[in-house]
Amino acid sequence: MIPIMGPLIDSEEIDRVMDCLNSGWISSQGSYIPAFEKAFSAFCGTGFGIATSNGTTALHLALVTLGIGPGDEVIVPTLSFAATANVVIHAGARPVFVDVEESTWNLDPRQIEPALSERTRAVIPVHLYGHPAPMDPIRELAEKYRLWVVEDAAEAHGAECGGRRVGGLGHLGCFSFYGNKIITTGEGGMIVTDNPEWAEKARILRDHGMSKERKYWHPLVGFNYRMTNIQAAVGMGQMTKIHDILDRKRRLAERYRRGFEGLKGIRVPPEASWARNVFWLYSILLSSGNGSERDDLIRFLHEAGVETRPLFFPIHTMPPYQGPGPFPVAERISASGISLPSGADLTFEQIDRVVSLVKEFVGR
Ligand SMILES: *Cc1c(COP(=O)(O)O)cnc(C)c1O
């Protein structure tokens, strides 16, 4: 089986984890956590990093840090992983779904104004499958209407928008280090920001809302969203190879692109002129736009030993979220899209095999 995605783990992670275990600092104190926060936030070009237990808790913590709660509305692209909307609901606010743009598969800035109400407080652009959202127009509108911008960068470590890395392009940026993300800590997440007050508040909220100066005094109702030192030790190992992982993913995307060049019936993933895509999952669209053809391709590849997955379902189409819609661009991209094997350790031979199988399917 050619897997869709897997972590790259070697002695860089193993040695640090052994060192961490030997040190006895296995919970959420210990030197790997501040080291990882510093290294990863510097990678993003931001001043502060707040490590969390996963990407979802990073997003939730970001919303609560900004004071978003009951009565508030938050604009969310309907084409994303459900966690982007769930955290808005967990904060007590309401997600307002909008459609995505054809050219990046991400939140369409033209949909922001029609979605506004007097309750709108924030927008969560998602850098889906590693392609950055169009942050310049999003930020402009956010300034105009005084909205907070929380980036969901869970799939896009190292992606660039106009030469600047994602995470530092809004007010708070959130990452995931789940096992299949660009880098991993097993489970894990991080908020990055340039604002010292939000960084401080997020740290307090992360640790039960407990005062840093006065132990067991709780000025805020907080959470336990802490990352462990063991996870951060894995993260520091991953930081030694993040540039190598990103290079490998660019090379595999280029191999796929060349393989598919000139092939009618499929569209390769976008890369806008202002963007640097990190190709988290290399995803193609079948131009028929037909969900059943897409499902046939998934089955065909599975039988040939190739693991794939369909793109995310538009969130507004699933029972707990309920409309309104329709959002035709998201619905069409979702129904016609399939993510191909994208692990950083994929060989060119494996890629060529996937390409020739897709060609065989499309040509029959
Ligand atoms: C993975 C992911 C998350 C959630 O991250 P976890 O670490 O799994 O909680 C949120 N948003 C998007 C777009 C994701 O892909």
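Just follow the structure's listing: the first ligand is 1, and inside any ligand the first atom is 1.
The ring-ring contact (aromatic ring centres under 6.0 Å, His included) check on F300 picks up F361, with sequence neighbours excluded. Applying the side chain to side chain donor-acceptor pair (under 3.5 Å) rule to S336 yields no partners; only residues at least two apart in sequence or on another chain are considered. Looking at residues two or more places apart in sequence or on another chain, you find a ring-ring contact (aromatic ring centres under 6.0 Å, His included) between H243 and F43.
Note on ring orientation: taking the six-membered ring where Trp is involved, the planes of F97 and H316 are tilted (angle from 30° to 60°).
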Identify all pairs of nitrogen or oxygen atoms, one from ligand 1 and one from the protein, separated by less than 3.5 Å, and list them with distances.
unit_1: ligand 1; atom_1: 5 (O); unit_2: S176; atom_2: OG; d: 3.3
unit_1: ligand 1; atom_1: 7 (O); unit_2: G55; atom_2: N; d: 2.8
unit_1: ligand 1; atom_1: 7 (O); unit_2: S176; atom_2: OG; d: 2.7
unit_1: ligand 1; atom_1: 9 (O); unit_2: N54; atom_2: OD1; d: 3.4
unit_1: ligand 1; atom_1: 9 (O); unit_2: G55; atom_2: N; d: 3.4
unit_1: ligand 1; atom_1: 9 (O); unit_2: T56; atom_2: N; d: 2.9
unit_1: ligand 1; atom_1: 9 (O); unit_2: T56; atom_2: OG1; d: 2.5
unit_1: ligand 1; atom_1: 11 (N); unit_2: D152; atom_2: OD1; d: 3.3
unit_1: ligand 1; atom_1: 11 (N); unit_2: D152; atom_2: OD2; d: 2.8
unit_1: ligand 1; atom_1: 15 (O); unit_2: E155; atom_2: OE2; d: 2.5
unit_1: ligand 1; atom_1: 15 (O); unit_2: K181; atom_2: NZ; d: 3.0

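The residues D345 and R248 are annotated as not salt-bridged, no charged nitrogen and carboxylate oxygen being separated by less than 4.0 angstrom.
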> Going through the checks in order, is the side chain to side chain donor-acceptor pair (under 3.5 Å) test met by Q231 and Y32?
Replying inline: CA-CA 8 Å; Q231 288 169 294; Y32 283 107; over 6 Å; no
